[in-house]
Amino acid sequence: MTLPSKVKLVDVGPRDGLQNEKQPVPAAIKVELVQRLQDAGLKEIEVTSFVSPKWVPQMADNAEVMAGIKRKPGVRYSVLTPNMKGFEAAVKSQPDEIVVFGAASELFSQRNINCSITESIERFAPVVAAARAAGIYVRGAISCAVGCPYEGEVAPERVEMVARLMKGIGVQHMGVADTIGVATPLKVQRAMEAALKHYELNDISGHFHDTYGQALANTLISLQMGIWQFDTSVAGLGGCPYAKGATGNVATEDVVYMLHGMGIETGIDLDKLVDAGKFISDYLERKPNSRAATALLNKRS
Ligand code: HMG
Ligand code: MG
């Protein structure tokens, strides 16, 4: 078994995490969270999304947050852009990377972005072309790669189809997402194998929500396949407003603890990361949703 010696984690907490909060989170708090994540050594942060404020009010301050962050050399800042309107707004704030997000499930596509899978690809095509012409890297996400809140189990063939369509319009990287956290390791392996039909190992990442407590196991099986890029969320924040009942992404702290314990480098300072998670959890008046963070905070006191 050969495991990667280094792993890149993209912290999606400011976006996937905070998009789902009931209470408004001021832009200044989001900016401070991004600052703390980069200080902890994160090399990529998903900052916000340029989606409709009617659909996701929590991300309405996208431009303000992007203008407020103090960029650190070597750190990449990504944003979600579902259509040209979103891209045109996003490009003004100079993201390093944009994310077009589709789904392997027809009903989730309709509920999340109000169009079919085919229509979503038609909407993404000009976004991808414009981003690439502007030298902005394009990541794609396939939601519901294993299971859907509306359709149930999702076959790997669906992932293969969306990966092929995304590849066809020039999407450079494929994030395989278990939106509702129902996946188990062998199902993840099959979804990854489906994406690998169209994307290189180096251009695939895993995005695992932890609803059923399977995300670390799903990360491990992906590592065993050679996948070395993952989206994680500080303090386990996260969820999608259009995937009811789904909890947050796997906590960055838990993944870092596991990887460091396996001798795999991340470039992340776990103590500083725990502080970042405590900062946002204190603001939200709850405890970090991370076993590793809880253990380390208990040990400190
Ligand atoms: P729509 O209503 O079909 O859009 O929404 P439309 O083109 O018909 O436009 C309707 C109105 O929205 C118009 O305004 C547009 O200007 C406006 P009006 O004339 O009525 O005043 N509009 C926009 N405003 C701001 N930014 C935009 C934009 N586009 C249109 N980009 C749309 C389509 C995609 C916009 C909508 O469905 C939407 O915003 N959905 C957001 C979904 C979302 O953010 N979900 C959460 C993120 S995805 C996720 O969490 C999954 C992920 O983590 C991976 C995983 O876990 O699976 C990535
Ligand atoms: Mg997500």
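Remember, it's 1-based here, ligands and their atoms both numbered in the order they're listed.
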Report summary line: Shortest non-hydrogen pair, R15 vs E46, comes out as NE-OE1, 2.7 Å
Query raised in the report: What about Y242: any of its N or O atoms under 3.5 Å from an N or O on ligand 1?
Result: no
Report summary line: Nearest heavy-atom contact between M174 and A163 is CE-CA, 4.5 Å
Query raised in the report: Passes side-chain hydrogen bond (donor to acceptor under 3.5 Å, both in side chains), E193 versus Q189? Steps please.
Result: CA-CA 6 Å; E193 282 164 357; Q189 183 179 340; 3.0 Å; yes
Requested in this report: Would you please classify the geometry between the F108 ring and the Y150 ring as parallel, tilted or perpendicular, with 30° and 60° separating the classes?
Outcome: parallel
**Report entry** Ligand-residue contact atoms, ligand 1 with N112, heavy atoms, under 4.0 Å
**Finding:** 37 (O), 40 (N), 41 (C), 42 (C), 43 (C), 45 (N), 46 (C), 48 (S)
Query raised in the report: Looking at atom 51 (C) of ligand 1, what's its closest protein heavy atom, distance included?
Result: S143 OG, 3.6 Å
Requested in this report: Using distance alone, decide if ligand 1 has a nitrogen or oxygen within less than 3.5 Å of any nitrogen or oxygen in L80.
Outcome: no
Query raised in the report: A103: heavy atom below 4.0 Å from ligand 1, yes or no?
Result: no
Report task. Check each atom of ligand 1 against the heavy atoms of D16 and keep those under 4.0 Å away; list them by number with element. Result -> 53 (O)
Report task. Write out the residue and atom name of the closest protein heavy atom to atom 52 (C) of ligand 1, then the distance separating them to 0.1 Å. Result -> R15 NH2, 3.6 Å
Query raised in the report: What protein N/O/S atoms sit under 2.8 Å from the Mg ion (ligand 2), by chain and number?
Result: D16 OD2, H207 NE2, H209 NE2
Query raised in the report: Does M59 come within less than 4.0 angstrom of ligand 1, counting non-hydrogen atoms of the residue?
Result: no
Query raised in the report: Does the pair K197/E160 count as a salt bridge with the N-to-O cut at 4.0 Å?
Result: no
